[in-house]
Amino acid sequence: MQAHSPENMSSPPYLNGLNPPQREAVETLDGPVLVLAGAGTGKTRALTARLAHILTTGRAYPNQILAVTFTNKAAGEMRERVSALLGGTPVEGWWLGTFHALAARMLRRHAELVGLTSAFTIIDDDDQVRLLKQLMELENIDTKKWAPRAMMGMISRWKDRARLPSDLPPGEGGDAAGGKLVQLYGQYQTRLRAVNACDFGDLLLHMVTILRDPKHADVLADWQRRFRYIMVDEYQDTNIAQYMWLRLLAQRDGAAANICCVGDDDQSIYGWRGAEVGNILRFEQDFPGAKIIRLEQNYRSTGHILAAASGVIAHNEDRLGKTLWSDADDGEKVAVRGLWDGGAEARFVGEEIEALQTKGWRLNQIAVLVRAGFQTREFEERFIHLGVPYRVVGGQRFYERAEIRDALAYLRVIAQPRDDLALERIINVPKRGLGDTTMQTVIAFARARNLSLYDAIATLVDTDEVKPKPRETLRRLIADFARWRSLLDNMRHTELTGLVLDESGYMAMWQADKSPEAPGRLENLKELVTGMAEFESLPDFLEHVSLVMENQGRNNDDQITIMTLHGAKGLEFDAVFLPGWEDGLFPSQRSMDENGLKGLEEERRLAYVGITRARKRAYISYVSNRRMYGSWVNALPSRFVDELPEDHIDVAAESGVYGSGRSSHWDSSGFGGSSRVTTMAQTPVVPAQTLATRQSLSDHPYVRGDRVQHDTFGAGTVVNVDGAKLDIAFDKGGHKRVMDSFVTPLD
């Protein structure tokens, strides 16, 4: 491609239609630049126009530009867009791609500096785990207690922070892998070098190691000279290794680095996988004299939606600050609805979606965005009941998830012992030491005598055709199923399911699993038990599941989207439903417990992301009672509900549900005096034990030091009063925040 001199250019077409901040981001080419691009502000257009501007003004050739994206798809789209802006001219030879792809390309040139050859292979996740498991077995480390995949996750997190085995003290891994994880990390790296391989984490780790080594200063200087311009998209999602790699390439002695990072600190929601919001927050410190350009004009959402999102995110302290605005109409206010329980919430969402349908809204422009995967079940059930097609994006439908299928397989064998497919699925889950030889013997015996697998096992446990140890395992398993089946008539099917999952060792298997997915799987299993309570018996429930699975096989292009808030980043819909806005669920109690204020602020950024996915309508809902893990939990509206600006939301609540979550709005009837707070007509079914303890929300009869009784948490002492919200130190349940209507005074 030929570079063009500035004097040959006059009003290039790619600048047409850009707003002033976008144009400033395109034309500010000298020195460090941080483009704070809010949701829906056209940052991709500005980024591609900037690349085209650098090329057409002759500032650099393609191979002198380093352009980093987070996905291969984004890299491909950027390449196509820039080519289109240049009149269809293909752009060849430039360094455009993901962090890993670009680092791999560099490492091929310098592999010998870290003990590899340029022909090194990049191993996948399964190979990583397999290699680490071999090393653990050589060290006599129990791989059942310390799952190799979980241990590999810890090593990968060290790599994401650019930490070599030599950087870590021996005790850094705590008791992981019997206290030997750092040692295993070193052995793992040695083994990779021996087979001329590296994993994805090594691609950046090795390059950072090379570039910051004074012995290889010439390598760093060469790359710094090569790249005249560096551009990075989604900078708020970078981890430490990515950040260090960029800084090393961009910070030249005696010369201002032409680095442009585009991102949004308010959309940094991936801390759980290594992203460091601090990278974008300290940009001005890393690059003195940096210019900050804010893209705040939103082209996606209505005014009320933007104001609601801005009102929530303004409560975060660690942010650079910006406020989204739009030329569009204010539109409908954000609907905030207080419902009695999860079932009422699902009914509300279903009814609203049907109402939108009658107005001509397409289902594929409607999304339900949940904080936790287990929330999807009630919405899936409701949509199936209504005959409304839906799809679960970024995950499986509830009854298709592996842990749910496993649990259902146990229940199917209890209900129908001759269900061979179900028994085959879980006969060795969790691991029971039944090898392939044993299973082949059992299956061959069953087929030869035309028996079910269950009946074949029942026969073989009394013969010598199976070796003694697996024979005894099979005998215990058959006895367990017989005992569980005998309890069907005398025990609630929900209680029986809990018993089966415990006694089979299935729950313990996931409790011992250290992988990031394990907590979610446990939540899903508990939600399964919760959902079963709606059915009279185990056969009724299993028949329902069969019908659900049959319905799920039907395809329809016009479907509601159900997905997690994390998965929704970068997407947009005409209407968005945001259920489950209750403290403990959203913001997540686990996130706050593990990360404190930092975790709370990331949860608030997640709320901001959720609201800004909506173009025309946004609905937020919370419930007063949520059945979780088989028990009713009294829920408080999320603190994020309190933070929504009053002028931009419309609040309504079912009878008996707290109006807006703001104690200042409650009147003698239990609801806000504000005219915008209305009472929904539906009267929910109230558990008797909850009704017995309910009082008027306006009485506020408690002060610090009062002794109170709660149906779920027992006796406790009031330690703080915030309107109708009480902070209570329960004698056995720890510190909780509850509504005063759910406690009674103790004499």
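Remember, predicted model here, so these are calculated numbers, not experimental data.
Surrounding CG of D218 are more than 12 heavy atoms belonging to other residues, nucleotides or ligands, all under 6.0 Å away. Atom NZ of K598 has 12 or fewer neighbouring heavy atoms from other residues, nucleotides or ligands inside a 6.0 Å radius. Remark: K43 NZ is packed, more than 12 non-hydrogen atoms of other residues, nucleotides or ligands lying under 6.0 Å away.
For the pair R282 and Y243, the distance from NZ or CZ to the six-membered ring centre is under 6.0 Å and the angle to the ring normal is within 45 degrees.
For the 3.5 Å distance criterion, the side chains of T238 and N279 qualify, holding a donor opposite an acceptor. Between the side chains of E234 and Q236, at least one donor N or O lies within less than 3.5 Å of an accepting N or O. In the model, D199 has a side-chain atom that pairs as donor or acceptor with a side-chain atom of Y188 under 3.5 Å. A donor-acceptor contact closer than 3.5 angstrom links the side chains of E380 and Y390. For the residue pair T44 and R81, no side-chain donor N or O sits within less than 3.5 Å of a side-chain acceptor on the partner. A side-chain donor-acceptor contact under 3.5 Å links R401 and T376. Residues N19 and Y299 have side chains that bring a donor and an acceptor to within less than 3.5 angstrom of each other. Of the N and O atoms on the side chains of Y270 and H566, not one donor lies less than 3.5 Å from an acceptor on the other residue. Judged by distance alone, the side chains of N196 and T117 do bring a donor and an acceptor atom under 3.5 Å apart. Residues Q189 and D202 have side chains that bring a donor and an acceptor to within less than 3.5 angstrom of each other.
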Walk me through it: do W245 and W223 pass the test ring pair (Phe, Tyr, Trp, His ring centres under 6.0 Å)? CA-CA 11 Å; W245 179 71; W223 286 110; 9.1 Å; no
Can T56 and L85 be said to form a side-chain contact (heavy atoms from CB on, under 4.5 Å), step by step? CA-CA 10 Å; T56 57; L85 290 177; over 6 Å; no
Evaluate the criterion side-chain contact (heavy atoms from CB on, under 4.5 Å) for residue pair M106 and L249; output intermediate values, then yes/no. CA-CA 12 Å; M106 287 184 176; L249 293 172; 3.8 Å; yes
Please test N364 against Q559 for side-chain hydrogen bond (donor to acceptor under 3.5 Å, both in side chains), starting from the C-alpha separation and ending with a verdict. CA-CA 5 Å; N364 59 17; Q559 299 174 313; over 6 Å; no
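In summary, the aromatic rings of F99 and F70 are positioned with their centroids under 6.0 Å apart.
Between D30 and the choices K291, R59, R228, the salt bridge (Lys or Arg N to Asp or Glu O under 4.0 Å) rule is met once, by R59.
Between K322 and E296 no salt bridge is recorded (no basic side-chain N to carboxylate O distance below 4.0 Å). Ion pair E601/R319 not flagged as a salt bridge, since none of the NZ, NE, NH1 or NH2 atoms sits closer than 4.0 Å to an Asp/Glu carboxylate oxygen. Between R362 and D574, no side-chain nitrogen of the basic residue sits less than 4.0 Å from a carboxylate oxygen of the acidic one, so the salt-bridge criterion is not met.
Nearest heavy-atom pair across D558 and L363 is OD1-N, 3.0 Å.
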